[in-house]
Amino acid sequence: MTNEIDQENIRFQKEWDERVQYIEAALCKSGDAYNVDDVFELVCAGIAHFEPLEDGAAVFLYHQYPQRRMLRIWLAGGVLPDHLEQVLDAAQKHADRLQCDGIELEGRKGWERVLKPHGFDYKRAVLIKELN
């Protein structure tokens, strides 16, 4: 059993090291609330889920609101237009496993024009896919 865990940890570390630049690039666009070491710690603690992609990577967060359970596609980087389906499929699988009510997606478009006059510096919007 220990050997399996060791092999899994080695595989995770290799995949992380090969794709960490995609996570760093996504973090640069997400409002500077986290750095790559923070993300790594959250993944290692089981709070976040790292999903390696063919030419990129994604990180998901589980969030329990008072009335619903959601999976957030938190960070994604790499060749996303070509691999968006990979991200969405992985998120769906992970959300189903965690019995989530929906999937949230943080993005960088939408409310900037409305909120800028009020002193907001636009960073992201939340889009939700209902799973019911």
Carboxylate-amine/guanidinium proximity below 4.0 Å for E15 and R11: no
For the student: nearest non-hydrogen atoms of G56 and R19, plus distance: O-CD, 3.1 Å
Residues, nucleotides or ligands: over 12 heavy atoms within 6.0 Å of E130 CD: yes
E41: salt bridge (charged side-chain N to carboxylate O under 4.0 Å, His left out) partners, not counting sequence neighbours: none
For K129, side-chain contact (heavy atoms from CB on, under 4.5 Å) partners two or more places apart: Q92, I103, L131
E54: partners by side-chain contact (heavy atoms from CB on, under 4.5 Å), with sequence neighbours left out: H83, Q86
Exercise: identify the closest heavy-atom pair between A26 and A76: CB-O, 3.5 Å
Test ring pair (Phe, Tyr, Trp, His ring centres under 6.0 Å) applied to Y22 - qualifying residues, sequence neighbours left out: none
CG-SG distance between D37 and C44, expressed to the nearest 0.5 angstrom: 10.5 Å
Below 3.5 Å, can you tabulate the donor-acceptor pairs from side chains in residues 57-66 to any protein atom, sequence neighbours excluded?
unit_1 : atom_1 : unit_2 : atom_2 : d
Y62    : OH     : Q64    : OE1    : 3.0
Y62    : OH     : R69    : NE     : 2.8
Q64    : OE1    : R69    : NE     : 3.1
Q64    : NE2    : R68    : O      : 3.3
Y65    : OH     : R72    : NH2    : 3.1
Y65    : OH     : E104   : OE1    : 3.2
Y65    : OH     : E104   : OE2    : 2.6

Reported CG-to-CD distance for the pair D89 and E51, which is rounded to 0.5 angstrom: 10.0 Å
Donor-acceptor pair, side chain of D38 and main chain of N35, under 3.5 angstrom: yes
Rounded distance [0.5 Å steps], CD1 in I73 versus NE2 in H94: 11.0 Å
Side chains of L75 and Y34 in contact at under 4.5 Å (non-hydrogen atoms): no
With sequence neighbours excluded, residues passing salt bridge (charged side-chain N to carboxylate O under 4.0 Å, His left out) with K93: none
Reported CZ-to-CG distance for the pair F50 and L42, which is rounded to 0.5 angstrom: 14.0 Å
F12 and F40 aromatic ring geometry - parallel, tilted or perpendicular at 30°/60° bounds: parallel
